[in-house]
> 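My questions will all concern the structure given below.
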Amino acid sequence: MDFNVKKLASDAGVFFSRAMQFTEEKLGQAEKTELDAHFENLLARADFTKNWTEKILRQTEVLLQPNPSARVEEFLYEKLDRKVPSRVTNGELLAQYMTEAANDFGPGTPYGKTLIKVGETQRRLGAAERDFIHSASINFLTPLRNFLEGDWRTISKERRILQNRRLDLDACKARLKKAKAAEAKAAAVPDFQETRPRNYVLSASASALWSDEVEKAEHELRLTQTEFDRQAEVTRLLLEGISSTHVNHLRCLHEFVESQTNYYAQCYQYMLDLQKQLGRFSGTFVGNAESTSPPPAATSLPAVTAATLPAVPTIPVVPTIVGVPNTVAESVLNPNEVKPPASGTRKARVLYDYEAADSTELALLADEMITVYSLPGMDPDWLIGERGNQKGKVPVTYLELLS
């Protein structure tokens, strides 16, 4: 118990001495030991690293999980050292709603079929998003969080110790300075005002007392200087390790970019596949809509023949004779027999690769230039494309029409 009381009193004295030194420094009444320029640069770089790492970490968390409530929930699970429950992504939830809607509307209807296809794509997009979030959390967020909760805490602790050692050193310097000043004053102004021998004894005792105080202050200064130098070296090594932290974060940043690139590439491919499927569906939907219309009163032989043929994309032929009833006859598209209209043609640039579904369509390669034109009565979502001696139908959504 006696030891604890002495230690408590000693710690209180040290704390009071540091507080006095810190206050006098702020008031400009005490000298402060300055660190060298290189050390100050290391401290500034460490502070920059900590501040920007925190901001990048927080904003990346917002990017991966925009819902603040979900972020708070994940934070609590992490602090409780419990596994975060699996959460359905927005894409997967949308896919579920679309599938349920398709079942209610009828999966065999054009709208129902499209909802099912789009819902399946949204489900794949949601799964890709989940994989991206998982990869980014492990390869990018975790190293940043480990630095802030591990290395930076160690650096901060050692910097606080260095600050205390510096305050102790400056307090010892100030104590030594005061002791030397008092010793010089006692030696220079002896007490000769009275002739009693007792005064000469007191003067000599005061000079010896201040000499002992100076020796004690010098001894304490040497000890505090050694402790300060040792702590400064430890802190310097930790601060120089920030360079290794930057190298590690750079590697993690490359992995984050790679994960994000793969994620967006998957999303692009999924949407491209969906666009192709919907492009093929458009002709089917038009055909279904036309098949539900009432047949004409008089059916000619060519019309009967066309009705018995397999379902193939056709180009309606519009009559051009004045006075003839406006009936539409369908004939199978033969690319070799198609001629450009008198109104002229246009150039178009292909935006995406397109694989022809049958012999009536023209396969396309991204960024190539083709000649396109439309025929009377043709589906507005399609054009006739020419590339050299090749001809065929091409979807408008895959083209950029040029003037």
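Values reported hereafter were calculated over all heavy atoms of this structure, with side chains retained and with hydrogens, waters and symmetry mates removed. FYI, the numbering just counts along the sequence from 1.
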> If you look at every heavy atom in Y263 and L125, which pair is closest and at what distance?
CE1-O, 4.3 Å
> When you check the gap from the basic side-chain N to the acidic O, do R387 and E368 get nearer than 4.0 Å?
yes
> Pair L93, Q96 - check side-chain contact (heavy atoms from CB on, under 4.5 Å), show working.
CA-CA 5 Å; L93 185 60; Q96 177 183 346; 4.0 Å; yes
> For residues A366 and D353, report the shortest heavy-atom separation together with the two atoms involved.
N-OD1, 2.6 Å
> Rounded to the nearest 0.5 Å, what separates atom OG1 in T89 from atom CD in Q122?
9.5 Å
> Is there side-chain contact between K173 and T33, with at least one heavy-atom pair below 4.5 Å?
yes
> If the threshold is 4.0 Å, N to carboxylate O, is there a salt bridge linking R349 and E400?
yes
> Does the pair H38 and E240 meet the rule for a side-chain contact (heavy atoms from CB on, under 4.5 Å), with working shown?
CA-CA 10 Å; H38 177 63; E240 289 176 348; 3.9 Å; yes
> One pair to check against side-chain contact (heavy atoms from CB on, under 4.5 Å): M369 and L402. What are the steps and the verdict?
CA-CA 10 Å; M369 301 294 295; L402 307 176; 3.1 Å; yes
> Measure the shortest side-chain to side-chain distance between L238 and T154 over non-hydrogen atoms and say whether it is less than 4.5 angstrom.
yes
> Can you find a side-chain donor-acceptor pair between D168 and T224 that sits under 3.5 Å?
no
> Just how far is it from atom OG1 of T142 to atom CG of L57, taken to the nearest 0.5 Å?
9.5 Å
> Could you tell me whether the side chain of F256 reaches within less than 4.5 Å of the side chain of L141, counting heavy atoms only?
no
> Among side-chain atoms of Q65 and E61, is any donor-acceptor pair under 3.5 angstrom?
no
> Locate the shortest heavy-atom distance separating E149 from R153; write the atom from each residue and the value.
O-CD, 3.1 Å
> Can you tell me how far CD of E386 sits from CD of Q390, rounded to the nearest 0.5 angstrom?
11.0 Å
> Check the side chains of D229 and Q225 for a donor-acceptor pair under 3.5 angstrom, ignoring hydrogens and angles.
yes
> When you look at L383 and L399, which way does the side-chain contact (heavy atoms from CB on, under 4.5 Å) test go after all the steps?
CA-CA 10 Å; L383 294 173; L399 303 176; 4.3 Å; yes
> With rounding to the nearest 0.5 Å, note down the distance linking OG1 in T345 to CD1 in I370.
11.0 Å
> Taking all non-hydrogen atoms of both residues into account, name the closest pair between S259 and N139 and its distance.
OG-ND2, 4.4 Å
> Using a 4.5 Å cut-off on heavy atoms from C-beta on, say whether the side chain of P380 contacts that of V396.
no
> Partners of H246 by side-chain contact (heavy atoms from CB on, under 4.5 Å), sequence neighbours excluded?
R45, T49, I242
> What closest approach, in Å, do W382 and E361 show between heavy atoms, and which atom pair accounts for it?
CH2-OE2, 3.4 Å
> Atom CD of E34 and atom CG of D170: how far apart are they, to the nearest 0.5 Å?
9.0 Å
> Of the non-hydrogen atoms in R123 and A95, which two are nearest, and what is the gap between them?
N-CB, 3.5 Å
> If a pair satisfies salt bridge (Lys or Arg N to Asp or Glu O under 4.0 Å) and one of its residues is in residues 127-142, list it, with sequence neighbours excluded.
E92-R130
> Angle class for the Y398/Y354 ring planes (parallel below 30°, perpendicular above 60°, tilted otherwise)?
perpendicular
> What residues, two or more places apart in sequence or in another chain, satisfy side-chain contact (heavy atoms from CB on, under 4.5 Å) together with K216?
E220
> Are side-chain heavy atoms of I384 and V372 found at a separation under 4.5 Å?
no
> Consider only side-chain N and O atoms of D273 and Q269, and report whether a donor and an acceptor are under 3.5 Å apart.
yes
> For residues 146-178, which residue pairs pass the ring-ring contact (aromatic ring centres under 6.0 Å, His included) check, not counting sequence neighbours?
F147-H249
> Filter on salt bridge (Lys or Arg N to Asp or Glu O under 4.0 Å), then keep only pairs touching residues 47-56, sequence neighbours left out; what's left?
D47-R159, K50-E54
> Does anything in residues 256-266 form a salt bridge (Lys or Arg N to Asp or Glu O under 4.0 Å)? List the pairs, not counting sequence neighbours.
none
> Is it the case that atom OH in Y268 sees more than 12 heavy atoms from other parts of the structure closer than 6.0 Å?
yes
> For residues Y373 and R346, determine if any side-chain heavy atom of one lies less than 4.5 Å from a side-chain heavy atom of the other.
no
> Below 4.0 angstrom, N of the basic side chain to O of the carboxylate: do E255 and R251 qualify?
yes
> Less than 4.5 Å apart, any side-chain heavy atom of K180 and any of E218?
yes
> Working to the nearest 0.5 angstrom, can you tell me the gap between T397 OG1 and K276 NZ?
11.0 Å
> Any non-hydrogen side-chain atom of L364 less than 4.5 Å from a side-chain atom of Y352?
no
